[in-house]
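Source: prediction; values computed, not measured. Each ligand, and each atom within it, is numbered from 1 in the order the structure gives.
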Amino acid sequence: MADVAVIGAQWGDEGKGKVVDWLSARAEVVVRFQGGHNAGHTLVVDGEVYKLSLLPSGIVREGKMSVIGNGVVVDPWALAEEIARLQKQGVSISPVNLVIAENAALILPLHGELDALREAAAGDGKIGTTKRGIGPAYEDKIGRRAIRLIDLAHPGSLKEKVEKLLTHHNALRRGLGEQEITPDELVAKLKEVTPKVLPFAGPVWKLLHDARKAGKRILYEGAQGVLLDVDHGTYPYVTSSNVVAGQAAAGTGLGPKTSGYVLGIVKAYTTRVGEGPFPTEDHGEHGQILGERGREFGTVTGRKRRCGWFDAVLVRQSLKISGVDGIALTKLDVLDGLPELKVCVGYDLDGKQLDHFPAGMDAQSQVKPVYETIPGWRDSTEGARSWADLPAEAVKYVRRLEELIECPVALVSTSPEREDVILMRDPYES
Ligand code: GDP
Ligand code: IMO
Ligand code: MG
């Protein structure tokens, strides 16, 4: 039985959380492998809304093991807050059902501050980050000066590590005109938060190997989307991690045969939060309609998401880059009632036709989408749970997308509610 990796195939917020929650009924372990609390995943279960940032979306189901892999950057304070918030909603969270990789790098308050300072200094050139310190924390990890979760277990050597880190950061802070941080104040903060997070630390690679050996099904939960990938995305308007399915191996310690099936999550139209190119963005009436009906406001920052038509060129590219076997098409219901739908099938760059998204930043912002117009449907698809419940035009839209993106649809999601899913091919049976 193949394990399944779920990844976003656009600019994030495709509905990964809902699909992972739905799929987690079929898995025993749900594991995050990259990103941090820049992610915002909304689950709706019988009307109850759960908002998750760092915790895997399997956490709301009793009896599932939730794992945060070494590829994730962990803000201990944000994690402690999220755990407390979910516990208030009646979700049980303890070291029995949550394990965090002891070798995961930590996000510290200075990372969030640096993120915000850089964004402010960049003015119009800003990335539009979530200001959660994601980029600066990954920089420290790659720079081999990060504080890792396991370091909290060794208070004796923690100060030395903090001093090394602060040599770097205080130089930056001086340059930015910010007050320096003393090692003692940071060590004191870390010691205070240690009892809230250290009990969850463990050798995730081993736990996952043991789970696999015992025949347990593992579900890998990606955050963000391929177009935000640090290599393959709209650089530099990207996040600071690899988000493609291959990262599931490096971000957990399970080897390249991690998942047998890669499920790409694809929204039936396109959204983006933050700055950067977006060829099919609609600044007019349709963008507004999509935003209102799709309730396109960020879970993490509350920012309004930019909206536009489905871009088949970008999605086809994302799916190939990430080795996607099938997609879950989400938010089809948001398109209900629109007389006509446009789909981008190619680009025009200075009169030249392109069948892929160019890598250069200038070209990415200059391409003009070439649209195909597809008839819409009047009837509602909201809450549909079978293919037969869909209007004929909706079926045609889905079929046309499959052709254009060169990938089969495994699931269709028709509302935020957990069970409102049309299953066409079970990723765990493929
Ligand atoms: P994620 O980051 O990929 O997990 O996506 P988010 O949770 O940030 O954003 C997706 C939003 O769409 C959430 O508010 C979901 O509750 C909602 N959603 C997910 N699937 C559907 C769907 O099929 N239809 C509608 N109308 N909303 C959906
Ligand atoms: P989920 O998992 C949408 C975007 C930010 C910004 C860029 C860099 O909910 O799909 P960062 O804080 O990561 O350095 O910001 O990436 N971004 C997301 N956009 N969904 C997300 O996660 C995102 N995580 C980061 O808006 O443009
Ligand atoms: Mg989100």
For [atom], the protein heavy atom that lies nearest, with its residue and separation:
atom                    : result
atom 13 (O) of ligand 2 : T239 OG1, 2.6 Å
atom 24 (N) of ligand 1 : D333 OD1, 2.8 Å
atom 12 (O) of ligand 2 : T130 OG1, 2.5 Å
atom 7 (O) of ligand 1  : T42 N, 2.8 Å
atom 16 (O) of ligand 1 : P416 CB, 3.5 Å
atom 27 (O) of ligand 2 : V273 O, 3.1 Å
atom 18 (C) of ligand 2 : L228 CD1, 3.6 Å
atom 1 (P) of ligand 1  : K16 N, 3.5 Å
atom 4 (O) of ligand 1  : G17 N, 2.8 Å
atom 6 (P) of ligand 1  : G40 O, 3.5 Å
atom 20 (N) of ligand 1 : S413 OG, 3.5 Å
atom 15 (O) of ligand 2 : T129 CA, 3.3 Å
atom 11 (C) of ligand 1 : K331 NZ, 3.6 Å

Can you find an N or O of K16 that's nearer than 3.5 Å to an N or O of ligand 2?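 Between K16 and ligand 2 (N or O atoms, distance only) the closest approach is under 3.5 Å.
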Angle between ring planes, H111 versus H169, binned at 30° and 60°: parallel, tilted or perpendicular?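 H111 and H169: perpendicular rings.
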For W11 and F278, take the angle between the two ring planes, folded into 0 to 90°, and tell me which bin it lands in: parallel under 30, tilted 30 to 60, perpendicular over 60.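 Ring orientation of W11 relative to F278: tilted.
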Is the shortest side-chain N to carboxylate O distance from E102 to R148 below 4.0 Å?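 No, E102 and R148 are not salt-bridged.
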Salt bridge or not for E429 and R217, using N-O below 4.0 Å?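 The answer is yes: the pair qualifies as a salt bridge.
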Does some non-hydrogen atom of S415 fall short of 4.0 Å from ligand 1?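 Yes, that is the case, since the closest heavy atom of the residue is under 4.0 Å from the ligand.
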Is E221 in contact with ligand 1, taking contact as a heavy-atom separation below 4.0 Å?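 E221 does not count as a contact of ligand 1 under the 4.0 Å cut-off.
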With heavy atoms of [X] as the reference, note each atom of ligand 2 found under 4.0 Å away.
X    : answer
A39  : 1 (P), 2 (O), 9 (O), 22 (O)
G274 : 27 (O)
V238 : 7 (C), 8 (C)
D13  : 1 (P), 3 (C), 9 (O), 10 (O), 20 (N)
A223 : 2 (O)
H41  : 1 (P), 2 (O), 9 (O)

If the cut-off is 4.0 Å to any non-hydrogen atom of K18, which atoms of ligand 1 fall inside it?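 Those of ligand 1 that fall under 4.0 Å from K18 are 20 (N).
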Which ligand 1 atoms are under 4.0 Å away from a heavy-atom of E14?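 Taking each heavy atom of E14 in turn, ligand 1 has 3 (O), 5 (O) under 4.0 Å.
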Any idea which part of D420 is under 4.0 Å from ligand 1, heavy-atom wise: side chain, backbone, both or neither?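 For D420, there is no contact with ligand 1 at all, from either part.
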Heavy-atom pairs closer than 4.0 Å: do any link ligand 1 to the side chain of R418, the backbone, both, or neither?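 R418 to ligand 1: no contact under 4.0 Å from either part.
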Among Q224, R305, E14, which one puts a heavy atom closest to atom 22 (O) of ligand 2?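 Heavy atom nearest to atom 22 (O) of ligand 2 belongs to Q224.
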Please state which option from R303, H37, Q10 has its nearest heavy atom closest to atom 26 (O) of ligand 2.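 It is R303 whose heavy atom sits nearest to atom 26 (O) of ligand 2.
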Pairwise side-chain contact, [X] with [Y], heavy-atom cut-off 4.5 Å (strictly under):
X    : Y    : result
H37  : I107 : yes
E275 : I127 : no
L43  : S57  : yes

Verify, without hydrogens or angle tests, whether E119 (side chain) and G128 (backbone) share a donor-acceptor contact under 3.5 angstrom.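 Yes, because the side chain of E119 sits within donor-acceptor range (under 3.5 Å) of the backbone of G128.
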Can you name the nearest heavy-atom pair linking L263 to I327, along with the distance?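 For L263 and I327, the tightest heavy-atom pair comes out as CD1-C, 3.7 Å.
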So is [X] close enough to ligand 2, meaning a heavy atom under 4.0 angstrom away?
X    : answer
D115 : no
G128 : yes
G40  : yes

Test log, rule side-chain hydrogen bond (donor to acceptor under 3.5 Å, both in side chains), inputs T239 and N38: CA-CA 9 Å; T239 191; N38 50 347; 3.3 Å; yes
Sort out for me which residue in I147, V162, I181 forms a side chain to side chain contact (heavy atoms under 4.5 Å, CB included) with L108.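 The passing option is I147.
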Does CD belonging to E139 count more than 12 external heavy atoms closer than 6.0 Å?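 Correct, the count exceeds 12.
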Count the heavy atoms belonging to other residues, nucleotides or ligands that lie under 6.0 Å from OH of Y235, then report whether that count exceeds 12.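 Counting neighbours around OH of Y235, 12 or fewer heavy atoms of other residues, nucleotides or ligands fall under 6.0 Å, so no.
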To the nearest 0.5 Å, how far apart are CZ in F357 and CG in D311?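 Output value for this atom pair is 7.5 Å.
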Between G40 and the Mg ion (ligand 3), is there a contact where an N/O/S atom of the residue lies under 2.8 Å from the metal?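 Short answer: yes, at least one N, O or S atom is under the cut-off.
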